[in-house]
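Residue numbering restarts at 1 for every chain, and letters A, B, ... go by the order of the sequence lines. FYI, side chains are in, hydrogens and waters are out, and symmetry mates aren't considered; it's all heavy atoms of this structure.
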There are 2 protein chains.
Amino acid sequence: MAGLNQVQRQTGVALWRQIADRIREAIGNGAYDETGMVPPETVLALQFGVNRHTVRSALAALAQEGIVRAVQGRGTLIERKERLNFPITRRTRFTAGIGDQARETRGLLLDEVTEEASAEVARWLRLKPGAKVIRLETLREADKRPVSKATSWFPAERFAGIGEAYRKHQSITKAFVELGLADYVRATTEVTAAHADTADLADLELTPGAILLVAKAMNTDLDGMPVQYSISRFAADRVQFTIEN
Amino acid sequence: MAGLNQVQRQTGVALWRQIADRIREAIGNGAYDETGMVPPETVLALQFGVNRHTVRSALAALAQEGIVRAVQGRGTLIERKERLNFPITRRTRFTAGIGDQARETRGLLLDEVTEEASAEVARWLRLKPGAKVIRLETLREADKRPVSKATSWFPAERFAGIGEAYRKHQSITKAFVELGLADYVRATTEVTAAHADTADLADLELTPGAILLVAKAMNTDLDGMPVQYSISRFAADRVQFTIEN
DNA sequence: TTAATATGTCTATTGATATAGACAACTATA
DNA sequence: TATAGTTGTCTATATCAATAGACATATTAA
């Protein structure tokens, strides 16, 4: 697994970025937990079959992200190692899902808009196309680090004021309670992966080429009526999903 | 949508590759279904804010992948549009999951090895570390296109000969039946995303920088005894997972 | 047939990427 | 206190990536 030669040339992806991605992933997988350090630059250069300067570019990028810190004479220390597990069940909730994996979770309301439902949103929420829906753009953090960004739609009539309620409680679950919905369940989740767009890169503090896990989810009330459709984007190197059957 | 479709400079990912990735994704999302063509090069150049030659590099890469075909004077035609839906349930099976989304599915056995279980494999299969396990490397295709690559481990004692059985039936389910296991269920699935390594890039016919959806799954027999642990890698732009609760 | 609209090809220039080698500066330890 | 092992800095060179402009060539529709 501590692999040889995992980079390719002339592909439009610079070698230093391929190497940075691999090292970030290896750190996340605990490959260097014994020493708490990345292997020496010369060793990495040999492993990847590139010049030492190329490895240095990769490590510089990781240092910029705050993942490693180079100390002259000693080596390159691992500063931060992040991978949260996020269970997807019938009772999926963001904050409860993180559980004791982080000390502090936070939900920021980035934007709130009332708009007409697109065909896709209308289908998921079982509304007529063009029906009024409230769209929330939210950013969720764990221990001050952004974990995911979500776009959520709610039927406007039933959940008027959900933006304000979310801002107050920083939680969809609590906002629902305030609006009279005591409980809800996850009906469907679709998972894909994609490259992040510029806005998501910035909000999630990622570097271009970074991968997102994308979860399209639909929640219903206990009568099976859709109450929320959301598209959540998670930084793939910070999160994994678990589906228990 | 058009103006927001931006690319970033000096990130180690060439502009032409970022653009190729975005266009491939847009095609997969059906963005150009009305015309069956990609917008003209000059329009794309304007949208992405780059030179026309840069767009041409991106389209050349997509043509190389067989996704588009440029016709002088007419435009750039979309040749292939691929996105399979793959449900993850208690009864998840690859071939049945694809269902009628493809006319023909195939399973290739790339490699078969008997080895000692690593700590991770032993934990999932509830074996002692070092116990004998059979590892299969398989490649699954739908309509002659590679869809996923999987590494699977089985308890060696119980499932001796599973490699041969898989080669014959091209299906894990049928191989299990031949070895006396009539039915099994999916116990756990963990989903992450990652960059493909060189071997997976080649087998899945992907270009570097491509994204994989990675599903780590454990199947048990009806008594709850683990029978298979597998790590499947799917080309992210060819599949999505659906989790029904 | 013509004009408008596409893609295809060529030259030229600039900045980013990658390699190569040499040596300085710092840390841990034998 | 040497010494081995590590990161930091510098110079130089070659190739890739991106821009720019001009014009050729093919298709479609007026």
Side-chain angles (χ1 to χ4, degrees), chain A residues 5-23 27 32 34-79 207-209, chain B residues 5-23 27 32 34-79 207-209:
Chain A
N5 253 348
Q6 298 180 315
V7 290
Q8 293 198 337
R9 288 154 196 274
Q10 299 174 13
T11 61
V13 184
L15 293 181
W16 65 263
R17 171 137 300 285
Q18 295 183 51
I19 292 168
D21 290 339
R22 298 257 173 246
I23 294 175
I27 291 173
Y32 308 130
E34 294 174 19
T35 58
M37 293 171 64
V38 166
E41 293 168 353
T42 49
V43 174
L44 289 171
L46 206 64
Q47 279 182 7
F48 287 109
V50 301
N51 191 276
R52 178 178 157 235
H53 294 294
T54 308
V55 170
R56 283 180 61 73
S57 297
L59 291 175
L62 294 177
Q64 186 65 30
E65 294 177 43
I67 291 179
V68 300
R69 179 170 53 90
V71 179
Q72 189 171 17
R74 284 185 66 193
T76 303
L77 284 60
I78 295 169
E79 289 279 276
T207 51
Chain B
N5 228 344
Q6 283 195 353
V7 287
Q8 295 200 335
R9 287 154 197 273
Q10 300 175 14
T11 62
V13 183
L15 294 181
W16 65 263
R17 172 138 299 286
Q18 296 183 50
I19 292 168
D21 290 338
R22 298 246 177 258
I23 294 175
I27 291 173
Y32 308 130
E34 294 175 18
T35 59
M37 293 171 63
V38 166
E41 294 169 352
T42 49
V43 174
L44 289 171
L46 205 65
Q47 280 182 6
F48 287 109
V50 301
N51 192 276
R52 178 177 155 234
H53 294 294
T54 308
V55 169
R56 283 179 61 75
S57 298
L59 292 176
L62 294 178
Q64 186 66 30
E65 294 177 43
I67 291 178
V68 300
R69 179 169 54 91
V71 178
Q72 189 173 161
R74 283 185 67 194
T76 303
L77 283 60
I78 295 169
E79 288 279 277
T207 50

Trainee: Could you check how far CZ of B/R69 sits from C1' of C/dA6, rounded to whole Å?
Mentor: 15 Å
Trainee: Specify the angle, to 10°, made by the local axes at the two ends of the helix from C/dT1-D/dA30 to C/dA30-D/dT1 when five pairs are taken at each end.
Mentor: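 Between the first-five-pair axis and the last-five-pair axis there is 30°.
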Trainee: List the steps, then state whether side-chain contact (heavy atoms from CB on, under 4.5 Å) holds for A/T54 with A/N51.
Mentor: CA-CA 5 Å; A/T54 308; A/N51 191 276; 4.0 Å; yes
Trainee: What's the spacing between A/L77 CG and A/T35 OG1 if we round to 0.5 Å?
Mentor: 9.0 Å
Trainee: So what does A/T76 touch, heavy atoms closer than 4.0 Å: a base, only the sugar-phosphate, or nothing?
Mentor: sugar-phosphate
Trainee: Under 4.0 Å, heavy atom to any atom of DNA chain D: which of residues 34-45 of chain A qualify?
Mentor: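 Here the set is A/P40, A/E41.
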Trainee: How close do B/V50 and B/L15 get, heavy atom to heavy atom, and via which atoms?
Mentor: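 Scanning both residues, the minimum pair turns out to be CG1-CD1, 4.0 Å.
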Trainee: Roughly how far apart are B/Q47 CD and B/I19 CD1, rounded to 0.5 Å?
Mentor: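 So the CD of B/Q47 and the CD1 of B/I19 are separated by 10.5 Å.
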Trainee: How would you give the extent of chain A contacts on DNA chain D, as first and last nucleotide 5' to 3' within a 4.0 Å heavy-atom cut-off?
Mentor: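 Range of nucleotides touched by chain A: D/dG5 to D/dA17.
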Trainee: Take atom CG of A/L15 and atom P of C/dA16, then tell me their distance rounded to the nearest Å.
Mentor: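 For the pair A/L15 CG and C/dA16 P, the rounded distance is 17 Å.
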Trainee: Taking it one step at a time, do A/R17 and B/V13 satisfy side-chain contact (heavy atoms from CB on, under 4.5 Å)?
Mentor: CA-CA 7 Å; A/R17 171 137 300 285; B/V13 183; 3.4 Å; yes
Trainee: Once rounded to the nearest 0.5 Å, what's the spacing between atom CD1 of B/I23 and atom OG1 of B/T76?
Mentor: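 The distance works out to 9.0 Å.
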Trainee: Identify the pairs formed between an N or O of the protein and an N or O of nucleotides 22-29 of chain C at a distance under 3.5 Å, and give each distance.
Mentor:
residue: C/dA25; atom: N3; partner: A/Q72; partner atom: NE2; Å: 3.1
residue: C/dA28; atom: OP1; partner: A/R74; partner atom: NE; Å: 3.3

Trainee: After noting the C-alpha distance and the side-chain angles of B/F48 and B/Q18, does the key distance pass the side-chain contact (heavy atoms from CB on, under 4.5 Å) rule?
Mentor: CA-CA 10 Å; B/F48 287 109; B/Q18 296 183 50; over 6 Å; no
Trainee: Which residues satisfy the salt bridge (charged side-chain N to carboxylate O under 4.0 Å, His left out) test with B/R69, sequence neighbours excluded?
Mentor: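 Listed in chain order: B/E79.
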Trainee: Relative to the 5' end of DNA chain D, which residue comes earlier, B/A14 or A/L59, by the nucleotide with the nearest heavy atom?
Mentor: A/L59
Trainee: List for me each residue that meets salt bridge (charged side-chain N to carboxylate O under 4.0 Å, His left out) alongside B/R52, sequence neighbours excluded, and say none if there are none.
Mentor: B/E41
Trainee: Say you draw a straight line from CG of A/L62 to CD1 of A/I27; how long is it, rounded to the nearest 0.5 Å?
Mentor: 6.0 Å
